[in-house]
Protein chains: 2
Amino acid sequence: MVDENIEKVSIPSLRRLPLYYHYMKILKKRKVDYVSSTKIAEKMNLTPIQVRKDLSITGVKGRARVGFNIKDALEKIEEFMGWKDKKDGILVGCGDLGSALLGYNNFKNYGFEIVAGFDVDEKITGTEIHGKRIFPIDRMENLCKRLHIKVGIICVPSKSAQKVAERMIDSGIEAIWNFAPAALEIPNDIALHQEDMAASLTILFKKHRKNR
Amino acid sequence: MVDENIEKVSIPSLRRLPLYYHYMKILKKRKVDYVSSTKIAEKMNLTPIQVRKDLSITGVKGRARVGFNIKDALEKIEEFMGWKDKKDGILVGCGDLGSALLGYNNFKNYGFEIVAGFDVDEKITGTEIHGKRIFPIDRMENLCKRLHIKVGIICVPSKSAQKVAERMIDSGIEAIWNFAPAALEIPNDIALHQEDMAASLTILFKKHRKNR
DNA sequence: GAATTATCGATAAAAAATTATCGATATAAA
DNA sequence: TTTATATCGATAATTTTTTATCGATAATTC
């Protein structure tokens with residue numbers, strides 16, 4: 001059931017589900033057992049209907065007059081979001097942002113782990129950052145293929161991003177998470193998610209303007 | 001015209017516009033003068049119609065059989081996205097991610113600048129990170145009010161995020177960019193943009209699954 | 001110079017996402 | 001025990017977003 005639905009869920013829903021999850025995590029810590037869609041919706045300025053609809057896709061069932069069992073809901077969200085499947089990834093470009101991501105502790109909560117970093121800078125290759133070993137880029141293909149790594153994070157400057165992406169694809173990477181402000185040209189069968197600070201900032205400012 | 005439309009543009013459009021922008025920036029560097037929606041769409045696996053529609057909201061006009069003048073389009077996108085208006089912000093939580101953002105050079109391309117960082121850790125308050133001064137949190141209200149700062153970035157651990165958000169609001173902050181994996185409860189008139197690694201990762205993996 | 005073609009932009013159609021309605025149900029109050 | 005109420009979940013309506021259609025236009029080819 002989940003396996004059928006995961007293909008049909010909308011991106012906005014995928015962005016909202018983690019919010020419900022974060023909130024329910026807090027409630028669980030406070031020993032709360034149930035929460036209603038009304039309550040959740042209030043907290044995040046959404047409609048209860050939307051919250052119910054989003055939650056329903058995970059397969060969790062609510063109880064009339066009571067709401068959703070928090071333990072169940074957390075479980076179902078984790079399952080649906082695929083956070084229980086372990087996935088390894090590599091990161092290229094160990095500058096400030098790359099290093100920060102290498103040390104980002106929350107990835108493990110979502111089933112993800114960065115197993116190694118790559119960089120061109122010989123001053124850092126051979127060292128460790130946040131406990132992750134950093135290799136020169138020409139080691140990428142071998143390492144990825146050997147460990148069957150399918151996820152790559154790009155944190156290099158824009159002008160090198162395309163080249164790195166191509167190299168990742170040659171290394172067997174099938175999903176690219178791009179933090180460089182660059183429009184990558186990649187084959188249709190490679191998954192790409194663009195993390196765009198420009199877009200984020202603009203969305204924030206747009207909301208701000210609307211509020212005034 | 002832009003002022004009317006900015007209220008009506010969809011979030012997905014706002015996420016796509018920077019991609020067109022990045023791509024056209026590259027073309028401009030290569031001395032290309034015109035590009036068609038067909039070409040752009042091809043590069044990023046979209047439809048030409050969607051590209052035209054997105055671009056049209058910025059006010060840029062294309063030429064039949066030729067496409068869009070790149071210089072004009074870049075200009076119009078910058079204007080429409082509000083990247084020409086200068087905005088200052090502060091950042092709370094100068095750990096790995098916070099520090100990386102303090103040193104993120106691209107913000108200035110989008111009219112944004114972080115003018116100061118705040119932290120509880122006395123080992124770093126009083127110092128500078130990437131040239132930005134770091135203050136203890138109790139200085140926030142005074143500084144924000146004095147400099148009329150309206151934008152705040154949260155990079156603290158989840159459990160402190162709500163408290164920091166409230167403190168920001170008390171300090172006059174009107175737009176919050178939250179990097180902590182926490183669902184903030186804030187008044188309706190405060191703009192909030194959640195940067196959620198959990199959501200991003202999941203969207204990436206979902207795309208990946210679909211491709212296989 | 002006429003025919004062909006690529007592209008735009010306006011409008012229409014289709015698809016997707018959000019919101020509303022309402023009967024069913026479970027708890028609490030009378 | 002009965003009544004009132006909060007909530008769910010299914011379905012319907014609405015709104016928003018995406019995609020298709022098509023005439024107009026500008027460059028290219030014949």
Side-chain angles (χ1 to χ4, degrees), chain A residues 1-2 4-17 19-20 23-24 27 32-70 72-73 76-77 80 188 199 203 206-207 210, chain B residues 1 4-17 19-20 23-24 27 32-70 72-73 76-77 80 199 203 206-207 210:
Chain A
M1 200 252 253
V2 166
E4 290 160 32
N5 286 344
I6 201 164
E7 309 299 335
K8 283 175 198 163
V9 64
S10 74
I11 303 257
S13 291
L14 282 180
R15 290 190 193 277
R16 285 187 300 262
L17 279 167
L19 293 178
Y20 311 155
Y23 177 52
M24 289 196 245
L27 292 180
V32 181
D33 288 330
Y34 284 86
V35 65
S36 69
S37 59
T38 318
K39 191 84 182 288
I40 298 174
E42 244 168 49
K43 295 273 167 182
M44 26 207 100
N45 298 322
L46 302 170
T47 69
I49 308 150
Q50 186 168 50
V51 173
R52 284 205 295 279
K53 196 139 205 180
D54 286 339
L55 285 175
S56 77
I57 202 160
T58 69
V60 67
K61 298 282 173 198
R63 279 173 63 192
R65 185 63 211 255
V66 177
F68 295 85
N69 179 280
I70 288 175
D72 286 358
K76 289 287 191 182
I77 293 174
F80 174 75
N188 229 310
I203 292 166
K206 185 199 160 302
K207 289 180 189 165
K210 205 172 356 190
Chain B
M1 200 253 251
E4 290 160 32
N5 286 344
I6 200 165
E7 309 301 333
K8 284 175 197 161
V9 63
S10 74
I11 302 257
S13 291
L14 282 180
R15 290 189 193 278
R16 284 187 299 264
L17 279 167
L19 294 178
Y20 311 154
Y23 177 52
M24 289 196 246
L27 293 180
V32 180
D33 288 329
Y34 285 85
V35 65
S36 69
S37 59
T38 318
K39 191 84 183 288
I40 297 174
E42 244 168 49
K43 294 273 168 180
M44 25 207 101
N45 298 324
L46 301 170
T47 69
I49 307 150
Q50 187 168 52
V51 173
R52 283 205 295 279
K53 196 136 205 184
D54 287 339
L55 285 175
S56 76
I57 201 160
T58 69
V60 67
K61 299 282 172 196
R63 279 172 64 190
R65 184 63 211 254
V66 178
F68 295 85
N69 179 279
I70 289 176
D72 286 358
K76 288 287 190 183
I77 292 173
F80 175 76
I203 291 167
K206 185 198 160 302
K207 288 180 190 165
K210 203 169 3 185

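The sequence lines fix the lettering, A, B, ..., with proteins before strands; numbering per chain opens at 1. Since the structure is predicted, the reported quantities are computational estimates derived from the model, not experimental observations.
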Round to a whole Å and report the spacing from [atom1] of [X] to [atom2] of [N].
X	N	atom1	atom2	result
Asp33(A)	dT7(D)	CG	C1'	17 Å
Asn45(A)	dT19(C)	CG	P	12 Å
Asp72(B)	dC8(C)	CG	C1'	15 Å
Ile40(B)	dT7(C)	CD1	P	11 Å
Tyr34(A)	dA26(C)	OH	P	12 Å
Lys39(B)	dT5(C)	NZ	P	21 Å

Mind checking what makes side-chain contact (heavy atoms from CB on, under 4.5 Å) contact with [X], not counting sequence neighbours?
X	result
Lys53(A)	none
Asp33(A)	none
Ser13(A)	Val9(A), Ser10(A), Arg16(A), Asp54(A)

Next on the checklist: Run the side-chain hydrogen bond (donor to acceptor under 3.5 Å, both in side chains) test against Asp72(A) and tell me which residues pass, sequence neighbours left out.
Outcome noted: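 By the side-chain hydrogen bond (donor to acceptor under 3.5 Å, both in side chains) rule, Asp72(A) matches no residue at all.
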
Next on the checklist: Restricting to side-chain hydrogen bond (donor to acceptor under 3.5 Å, both in side chains), what partner residues turn up for Arg15(B), sequence neighbours left out?
Outcome noted: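 Expected list: none.
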
Item to check | Toward the 5' end of DNA chain C, by each residue's nearest nucleotide, Val35(B) or Leu46(A) | outcome: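 Counting from the 5' end, the first nearest nucleotide belongs to Val35(B).
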
Checklist entry - In chain order, what residues pass the salt bridge (charged side-chain N to carboxylate O under 4.0 Å, His left out) check against Lys207(B), with sequence neighbours excluded? => result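 Applying salt bridge (charged side-chain N to carboxylate O under 4.0 Å, His left out) to Lys207(B) gives none.
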
Checklist entry - Which letter, B, S or -, goes with each nucleotide of nucleotides 10-18 of chain D from 5' to 3', with contact meaning a protein heavy atom under 4.0 Å? => result --B----SB

Checklist entry - Tell me, which pairs form a salt bridge (Lys or Arg N to Asp or Glu O under 4.0 Å) where one or both residues lie in residues 37-50 of chain A, sequence neighbours left out? => result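 Listed once each, the pairs are Lys43(A)-Glu185(B).
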
Checklist entry - So do the side chains of Ile11(B) and Ile203(A) get within less than 4.5 Å of each other, counting heavy atoms only? => result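 They are in side-chain contact.
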
Checklist entry - Measuring from Leu55(B):CG to Gln50(B):CD, what's the distance to the nearest 0.5 Å? => result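 Spacing of CG (Leu55(B)) from CD (Gln50(B)) equals 10.5 Å.
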
Protein-nucleotides 1-5 of chain D N/O pairs closer than 3.5 Å?
| residue | atom | partner | partner atom | Å |
| --- | --- | --- | --- | --- |
| dT5(D) | O2 | Arg65(A) | NH1 | 2.6 |

Next on the checklist: With a cut-off of less than 4.0 Å, is there a side-chain N or O of Thr38(B) near OP1 or OP2 of dT7(C)?
Outcome noted: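 For dT7(C), OP1 or OP2 has a side-chain N or O of Thr38(B) closer than 4.0 Å.
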
